[in-house]
Asker: 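One structure, as C-alpha cells, below. Some questions next.
Given the structure is predicted, the values throughout are model-derived calculations rather than measurements.
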Amino acid sequence: MKITWLGHASFRIETAEAVILLDPWLEGNPSFPTERRAEVLAGATHVLVTHGHFDHASEAQVIGNECGIPLVGIFDWVAWMNTGTEVEGIGFNKGGTVMLGDAAVTMVHAVHSSSTAGPDSAPVYTGGEAGYMIEAGGRTLYVMGDTDVMADMGLYAEMHQPTHAIVPIGGHFTMDAKRAAYACRKFFDFQGVIPSHYATFPLLEQSPQTFIDHVAPVRVMAPAVMETVDI
C-alpha cells in the first residue's frame, strides 16, 4: 500500500487494484501545490470521504465527475451528493464493509461532527462522521478521520488489528498531538503511524514533533506534501 500526503487530511492511497483519494481537498488547501492536481487524479478509482466538512468533502463531487469515479462514504452524504447528478455513489454505514478493488473498507465510528454550509451559510447535517479500516495486501490501515480519543478504539484494535494508521494531531477541531499519541499507545500495536490534520491553519499544530515525542517508540512516518510512504 502506497500512501501520499496531499496536505491537511487529504491522501492518495494506492493498492494493487485501487487508487483511493481520501478526503481530497485540493482547491483552496493552502498546503497543496495546485499545479500537481493532475498528478493526484491520475488513475484514481474512488473518492472516499470521512465526513461533510469543507476541508474534507468540498471537492468530492467535482473530482468524481472529472474522473468518472464513485463517491464512497456514509449513506446519507452519498445519497445527497448523487441527487441531480450522474456521479456514482457507494453509500454504506458504520460496521459495513465494501470492496474498492482489492481493498476491503470497513466504516467505523469517529467522534466529531459532519455538516456543510446550506442556505444563508446555515449548517446542513451530512450524515455523521466516520473512520475506516482499509485492508489490502496483508496490511490494515486505520483511517481515524477527524476524531477525539475514544474507548471504541480498543474494540477496533481487537477486531481489526490494524498495522498502521492515519492519525489527526492538529488539536482544536480534533484530538491534539498528546491525545493522539495516547490513543495510539493505549489501544494499538502499530507498526507505523502517519500524522494528519496539521500545518494548515494557524489554529492547528504546525509540526508533528510533539506527536513524535509522545508516541515513541511507535514509528512515525511524516511525509512532506506529495511525498509517498510504503506500508
Asker: So do Lys2 and Arg12 actually touch side chain to side chain, heavy atoms under 4.5 Å?
Answerer: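 A side-chain contact is absent here, since even the closest heavy-atom pair is not under 4.5 Å.
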Asker: With side-chain contact (heavy atoms from CB on, under 4.5 Å) as the criterion, how do Glu129 and Thr50 come out once you've worked through the C-alpha distance, each side chain's angles and the decisive distance to 0.1 Å?
Answerer: CA-CA 6 Å; Glu129 62 278 13; Thr50 60; over 6 Å; no
Asker: Among pairs that include at least one residue of residues 133-167, which meet ring pair (Phe, Tyr, Trp, His ring centres under 6.0 Å), considering only residues two or more places apart or in two chains?
Answerer: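 Ring pair (Phe, Tyr, Trp, His ring centres under 6.0 Å) check on residues 133-167 returns Tyr142-Phe188.
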Asker: Give the minimum heavy-atom separation between Val149 and Ala183, together with the two atoms involved.
Answerer: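 Looking at all heavy atoms of both residues, the shortest contact is CG2-CB, 3.6 Å.
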Asker: With sequence neighbours left out, write down each residue that passes side-chain contact (heavy atoms from CB on, under 4.5 Å) with Pro202, or none if nothing qualifies.
Answerer: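 Here no residue qualifies.
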Asker: Residues two or more places apart in sequence or in another chain: which of them pass ring-ring contact (aromatic ring centres under 6.0 Å, His included) with Tyr132?
Answerer: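 Tyr132 satisfies ring-ring contact (aromatic ring centres under 6.0 Å, His included) with no residue once adjacent residues are dropped.
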Asker: Are the aromatic ring centres of His197 and His56 under 6.0 angstrom apart?
Answerer: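 Yes - the distance between ring centres of His197 and His56 falls below the 6.0 Å cut-off.
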Asker: Tell me, do His8 and Ser196 make a side-chain contact under 4.5 Å, heavy atoms counted?
Answerer: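 Sidechains of Ser196 and His8: no contact.
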Asker: Where is the tightest heavy-atom contact between Val47 and Gly64, given as atom of each residue plus distance?
Answerer: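 Minimum heavy-atom separation between Val47 and Gly64: CG2-N, 4.4 Å.
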Asker: Could you walk me through whether Ile166 and Phe11 pass the side-chain contact (heavy atoms from CB on, under 4.5 Å) test, one step at a time?
Answerer: CA-CA 9 Å; Ile166 294 175; Phe11 291 85; 3.6 Å; yes
Asker: Which residues pass the side-chain contact (heavy atoms from CB on, under 4.5 Å) test with Ser115, not counting sequence neighbours?
Answerer: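 In terms of side-chain contact (heavy atoms from CB on, under 4.5 Å), with neighbours along the sequence ignored, Ser115 is linked to His53, Pro123.
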Asker: Who are the salt bridge (charged side-chain N to carboxylate O under 4.0 Å, His left out) partners of Glu135, not counting sequence neighbours?
Answerer: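 Listed in chain order: nothing, the list is empty.
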Asker: Hey, can you pull the donor-acceptor pairs under 3.5 Å for the side chains in residues 213-231, sequence neighbours left out?
Answerer:
unit_1: Asp213; atom_1: OD1; unit_2: Gln209; atom_2: NE2; d: 2.8
unit_1: His214; atom_1: ND1; unit_2: Thr210; atom_2: O; d: 3.0
unit_1: Glu227; atom_1: OE1; unit_2: Ala224; atom_2: N; d: 2.8
unit_1: Thr228; atom_1: OG1; unit_2: Thr4; atom_2: OG1; d: 2.5

Asker: Starting from the C-alpha separation in whole Å, work towards a yes-or-no answer on side-chain contact (heavy atoms from CB on, under 4.5 Å) for His109 and Met150.
Answerer: CA-CA 9 Å; His109 191 49; Met150 56 181 177; 4.0 Å; yes
Asker: By side-chain contact (heavy atoms from CB on, under 4.5 Å), which residues pair with Asp76, not counting sequence neighbours?
Answerer: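 Only Ile74, Asn93 meet the side-chain contact (heavy atoms from CB on, under 4.5 Å) criterion with Asp76.
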Asker: Regarding Ser114 and His51, do their side chains bring together a donor and an acceptor under 3.5 Å, going by distance alone?
Answerer: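 Ser114 vs His51: no donor-acceptor pair found between side chains.
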Asker: Would you say NZ of Lys178 has more than 12 non-hydrogen atoms from neighbouring residues, nucleotides or ligands within 6.0 angstrom?
Answerer: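 Counting other residues, nucleotides and ligands, NZ of Lys178 stays at 12 neighbours or fewer.
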Asker: Minimum heavy-atom separation for Pro24 to Leu21, with atom names?
Answerer: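 It is CD-O, 3.7 Å.
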Asker: Between Ile69 and Ala44, what is the shortest heavy-atom contact and its length?
Answerer: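 Heavy-atom minimum between the residues: CG2-O, 3.2 Å.
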Asker: Less than 3.5 Å apart, any donor N or O on the side chain of Asp23 or Ser10 sitting next to an acceptor on the other?
Answerer: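 On atom types as modelled, these side chains do not qualify, holding no pair under 3.5 Å.
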Asker: Hey, does Ile169 have a side-chain heavy atom less than 4.5 Å from the side chain of Pro195?
Answerer: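 Yes, side chains in contact.
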Asker: By side-chain hydrogen bond (donor to acceptor under 3.5 Å, both in side chains), which residues pair with Asp176, not counting sequence neighbours?
Answerer: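 Expected list: none.
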Asker: What pairs with Glu66 under salt bridge (charged side-chain N to carboxylate O under 4.0 Å, His left out), at least two apart in sequence or on another chain?
Answerer: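 Testing Glu66 for salt bridge (charged side-chain N to carboxylate O under 4.0 Å, His left out), a comparison that skips the adjacent residues, returns Arg37.
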Asker: What pair of heavy atoms forms the shortest contact from Ile134 to Ala103, and how long is it?
Answerer: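 Distance-wise, the nearest heavy atoms are CG2-CB, 4.1 Å.
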Asker: Taking only residues two or more places apart in sequence or in another chain, which ones pass salt bridge (charged side-chain N to carboxylate O under 4.0 Å, His left out) with Asp148?
Answerer: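 Per chain and number, Asp148 pairs via salt bridge (charged side-chain N to carboxylate O under 4.0 Å, His left out) with Arg179.
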Asker: For Met99, does the CE atom have more than 12 heavy-atom neighbours from other residues, nucleotides or ligands under 6.0 Å away?
Answerer: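 Atom CE in Met99 is crowded, with more than 12 foreign heavy atoms closer than 6.0 Å.
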Asker: Under the criterion side-chain contact (heavy atoms from CB on, under 4.5 Å), which of Val108, Leu48, Leu22 is the partner of Val143?
Answerer: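 Running side-chain contact (heavy atoms from CB on, under 4.5 Å) over Val108, Leu48, Leu22 with Val143 returns exactly one hit, Leu22.
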Asker: Side chains of Leu26 and Leu41, heavy atoms from C-beta outward: is any pair under 4.5 Å?
Answerer: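 In contact.
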Asker: Determine, stepwise, if the pair Met175 / Val167 fulfils side-chain contact (heavy atoms from CB on, under 4.5 Å).
Answerer: CA-CA 9 Å; Met175 56 189 173; Val167 185; 4.0 Å; yes
Asker: Return the minimal non-hydrogen interatomic distance between Val78 and Gly73, and the atom names on each side.
Answerer: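 Between these two residues, the closest heavy atoms are CG2-N, 3.4 Å.
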Asker: Any side-chain heavy atom of Leu6 sitting closer than 4.5 Å to one from Asn29?
Answerer: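 No. Closest side-chain heavy atoms not under 4.5 Å.
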Asker: Is there a side-chain contact between Thr45 and Leu100 in this structure, where contact means two heavy atoms from C-beta onward sitting under 4.5 Å apart?
Answerer: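 No; the side chains remain at least 4.5 Å from each other.
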Asker: What's the spacing between Met133 CE and Thr140 OG1 if we round to 0.5 Å?
Answerer: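 Met133 CE to Thr140 OG1: 8.0 Å, rounded to 0.5 Å.
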Asker: Per the ring pair (Phe, Tyr, Trp, His ring centres under 6.0 Å) rule, what does the pair list look like for residues 60-92, sequence neighbours excluded?
Answerer: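 Checked against ring pair (Phe, Tyr, Trp, His ring centres under 6.0 Å) - neighbours excluded - no pair reaches residues 60-92.
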Asker: With Phe54, which residues qualify under side-chain contact (heavy atoms from CB on, under 4.5 Å), at least two apart?
Answerer: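 Expected list: Trp25, Ser58, Phe201.
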Asker: Would you say CD of Glu27 has more than 12 non-hydrogen atoms from neighbouring residues, nucleotides or ligands within 6.0 angstrom?
Answerer: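 No - once you tally the heavy atoms of other residues, nucleotides and ligands closer than 6.0 Å, there are 12 at most.
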